[in-house]
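A, B, ... follow the sequence lines: proteins, then strands. Residue 1 opens every chain. The figures that follow rest on heavy atoms only: side chains count, while hydrogens, waters and symmetry mates do not.
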Number of protein chains: 2
Amino acid sequence: MTDVARLAGVSHQTVSRVLNGHPNVREQTRLRVRAAIAELGYRPNKAARALVTGRSQLIGVVAQNSTLYGPASLLAAFEAAAAEAGFAVSVGRVNVLDRNSISDAVERHLDQRVAGIVVIAPTASANEAVGEVSAGIPLVTVDGDPERSTPLVTVDQAAGAFAATTHLLSAGHRTVWHVSGPSDWFDSLGRIRGWRTALETAGLEVPPVVPADWSASSGYRAGQMLARMPEVSAIFAANDHLALGILRAMSERGRRVPHDVSLVGFDDVPEAAYFIPPLTTIRPDFDAVAKETLELLLAQVSDGDVGAPQRTVAPSLVQRDSVAPPAE
Amino acid sequence: MTDVARLAGVSHQTVSRVLNGHPNVREQTRLRVRAAIAELGYRPNKAARALVTGRSQLIGVVAQNSTLYGPASLLAAFEAAAAEAGFAVSVGRVNVLDRNSISDAVERHLDQRVAGIVVIAPTASANEAVGEVSAGIPLVTVDGDPERSTPLVTVDQAAGAFAATTHLLSAGHRTVWHVSGPSDWFDSLGRIRGWRTALETAGLEVPPVVPADWSASSGYRAGQMLARMPEVSAIFAANDHLALGILRAMSERGRRVPHDVSLVGFDDVPEAAYFIPPLTTIRPDFDAVAKETLELLLAQVSDGDVGAPQRTVAPSLVQRDSVAPPAE
DNA sequence: TGCCTTGATGTTAGCGATAACAGGGCCTGT
DNA sequence: ACAGGCCCTGTTATCGCTAACATCAAGGCA
């Protein structure tokens, strides 16, 4: 930086002012400094800046160490959004979403003097942990508890589930069964709520929830059970991989989809169009979630506290070939 | 830090020595300092340390912005491995793997004074870009060109493909067709090589490669073509999603897997066991790749240059129900 | 005894940036 | 013509840490 200042014939402080877009710099000086920067290939040292300002151009993300499609896509989308805004992203993976792991991960980020933290907290335990952590630093929760009063961005699970269920009902089915995700995930809860609401507003019977986790294997087990029940004609699966397991169970038992059983998934994984049959599903807009998250975070960074805004992003229905009117 | 020093009755430099495990500190002093640290809940400022040492405890990763299963799993595994070794990981996503994007991403990491950089460079263009960048900083390429003389870790694609092909041949098939990934990926090239070698060493005819990208949709198109050819009895797909597309094409044309056509994939995605039928596939060991990568990187960090070691990680065959002897 | 080595600790000087204040032109109003 | 601003720029201090050197006591050896 001193070299740049010398070459441009100014003080290092003026160089700093140019770098930070300070208004009170003469245009001519600004150009000279820029030229010197370019000539020397100078790049500012972020560590030094972080030291003196107390904040770096880094955003810390705390996420569960999983390759589940939803969280992974969200993370990728967020990294892209942050990069566009000139922020680097440091990811702190965590194996279990309990209090210790999360607060450890957050503190590791604090050590790096991150500008803000994003926690992907889709389960109840994660949510509690976040509650205790928030230590005077910009923080946004993604996929967390809608009841909590912190800045939060989520996919509108209930709306998606409502759309899926309504779509099945409008094909003529008398009721819709639901194979759910793990009960400690807010995503699962929201999807159950939307499904139930859709049935109730239609004045229909609400069958018991079939519990599962997010895996194809648990979907398969749930599917084996549902395949044995002739009265089941429509199923809303809490995600596409569950739906895949259900498809296999149906196929093994000779129940054809969509002829005998209609099925809707959730997530729109890239290969869902190539399931047998192609899966009708709900597509969350991860890019939108990432964008909103970054916006809320940066608002906190620049304006300090901004209350506890909550944003939800509406998912959309993708129609393929796994839904048909009931057989009879 | 000064507070800690005061409480422990020593100088700040001694605190620093304790923090860095310097040998020449009396045991008693060390304990006093540790107690003071714990009492005050002191955490060192990494930005200051990075400033004075010129290196941070950050590892930069450059990866393509995709949710492809392989790269995503690799990234997750690497983050876990790095966290275990006390390093944070900053991810620089890149939309296209060309020279500019990659060198931009690398320079952004350099600004952060990262301790080392990992580039996931599965394509030829990425590989070239890396060649020009390597600027006196520890750097490891993953999934790159085996011909290049830089530290490199890859999955042994050829060995996996060889195993898949041999497995199909030993079931009694007269030859094996291959649906390949994009031709600018080293992964594709390695898999083609392994497949070809297996056929040649068995003294068999080598059918033309069926080109595709990694998507289920391109697998479906390839599958439609292969389904029309009665002589095709065994297929090795370059990944599981291609295999999924092929399965659907076969199912639509009434060719049963594995009765009429046998199929092997690559990747072992979590849901592969729930395809119809469950897919026999090759499982790369991403954890091992991540571990080796970190090892090579840290070796460079501590010992300076260490030549250009290359490590390959052998994948394994996972047998399920998509392979059977030929029908006739 | 006295000099030299060694281990434990303290002191000082940066690392490369920004913040806060100081100062010198130039324009304005009277 | 001169005080009082506003621009623009420079000087100095500082962030929290580690490197390098300085210091001092204790012990080995001639």
Side-chain angles (χ1 to χ4, degrees), chain A residues 1-37 40-58 86 88 107-115 137 301-302, chain B residues 1-37 40-58 86 88 107-115 137 301-302:
Chain A
M1 179 150 171
T2 315
D3 298 341
V4 173
R6 194 177 315 129
L7 180 59
V10 297
S11 75
H12 65 242
Q13 178 62 335
T14 301
V15 176
S16 167
R17 279 193 266 257
V18 171
L19 248 28
N20 293 292
H22 198 91
N24 292 345
V25 178
R26 214 180 354 152
E27 193 53 30
Q28 187 191 336
T29 313
R30 189 188 309 279
L31 291 176
R32 239 181 325 135
V33 172
R34 282 207 201 292
I37 289 176
L40 296 176
Y42 163 81
R43 322 207 84 219
N45 182 327
K46 310 245 177 170
R49 173 182 294 180
L51 176 59
V52 65
T53 61
R55 290 273 89 96
S56 63
Q57 291 284 98
L58 246 189
E107 289 191 352
R108 279 203 305 274
H109 281 141
L110 256 30
D111 290 351
Q112 306 272 355
R113 297 297 184 271
V114 294
I137 185 172
V301 170
S302 48
Chain B
M1 179 148 171
T2 314
D3 298 342
V4 172
R6 196 178 314 129
L7 180 59
V10 296
S11 74
H12 62 132
Q13 178 61 337
T14 300
V15 175
S16 167
R17 279 194 265 257
V18 171
L19 247 28
N20 293 292
H22 198 91
N24 291 346
V25 178
R26 220 186 340 160
E27 193 54 29
Q28 187 192 336
T29 314
R30 189 188 310 279
L31 291 176
R32 237 179 328 134
V33 172
R34 284 208 198 292
I37 289 176
L40 296 175
Y42 163 82
R43 324 208 82 218
N45 182 327
K46 309 245 178 171
R49 172 182 295 179
L51 177 58
V52 66
T53 60
R55 290 273 90 98
S56 64
Q57 291 285 98
L58 246 188
E107 289 190 353
R108 281 203 304 275
H109 281 141
L110 256 29
D111 290 351
Q112 306 273 354
R113 296 297 185 273
V114 294
I137 185 174
V301 170
S302 48

**OP:** Look at all strands and tell whether B:Thr29 reaches a base, only sugar-phosphate, or nothing, counting heavy atoms closer than 4.0 Å.
**Re:** sugar-phosphate
Original post:
Do B:Arg30 side-chain atoms and B:Val25 backbone N/O form a donor-acceptor pair below 3.5 Å?
Top reply: yes
Original post:
Looking at B:Arg6 and B:Asp3, does any basic side-chain N land under 4.0 Å from a carboxylate oxygen?
Top reply: yes
Original post:
Does the A:Arg43 side chain pair with the main chain of B:Glu107, one donor and one acceptor, at a distance under 3.5 Å?
Top reply: yes
Original post:
Closer to the 5' end of DNA chain C via nearest nucleotide, is it B:Thr14 or B:Arg113?
Top reply: B:Thr14
Subject >> A:Ser11, nearest nucleotide to its side chain (from D:dG10, D:dC17, D:dC15) >> reply: D:dG10
Original post:
Once you round it to whole Å, what is the distance between P of D:dG16 and CE of B:Met1?
Top reply: 11 Å
Subject >> Nucleotide of D:dC8, C:dA13, C:dT18 approaching B:His12 most closely (side-chain heavy atoms) >> reply: C:dA13
Original post:
Judged by atom type as modelled, is there a donor-acceptor pair below 3.5 Å linking the side chain of A:Arg113 to the main-chain atoms of A:Ser56?
Top reply: no
Subject >> Residue A:Asn24, side-chain atoms from C-beta onward, closest of D:dC7, D:dC17, C:dT9 >> reply: D:dC7
Original post:
Does any N or O donor sit under 3.5 Å from an N or O acceptor when you compare the side chain of B:Arg17 with the base of C:dG10?
Top reply: yes
**OP:** Send over the distance from B:Asp3 CG to D:dC15 P, rounded to a whole Å.
**Re:** 12 Å
Original post:
Counting distance only, does the side-chain N/O of B:Arg55 pair as donor-acceptor with the main-chain N or O of B:Val114 below 3.5 Å?
Top reply: yes
Original post:
What is the distance, rounded to the nearest whole Å, between atom CG of B:Asn45 and atom P of D:dT14?
Top reply: 18 Å
Subject >> Spacing of A:Gln112 atom CD relative to D:dG16 atom P, expressed in whole Å >> reply: 17 Å
**OP:** Rounded to the nearest angstrom, tell me the gap between atom CZ in A:Arg49 and atom C1' in C:dA19.
**Re:** 14 Å
Subject >> Nearest-angstrom distance from the residue atom CZ of B:Arg26 to C1' of D:dA26 >> reply: 12 Å
Original post:
The side chain of A:Asn20 lies closest to which of these nucleotides: C:dG10, C:dT18, D:dC17?
Top reply: C:dT18
Subject >> Proximity to the side chain of A:Leu51 - top-ranked nucleotide from C:dA17, C:dG16, D:dC17 >> reply: C:dG16
**OP:** Map B:Val25 and B:Val52 onto DNA chain C by nearest heavy atom, then report which one ends up closer to the 5' terminus.
**Re:** B:Val25
Subject >> Nearest-angstrom distance from the residue atom CD of A:Gln13 to P of C:dG23 >> reply: 16 Å
Subject >> Donor-acceptor pair under 3.5 Å, B:His22 side chain vs D:dT18 base >> reply: no
Subject >> Nearest-Å distance for atom pair CG/P, residues B:Leu19 and D:dT18 >> reply: 6 Å
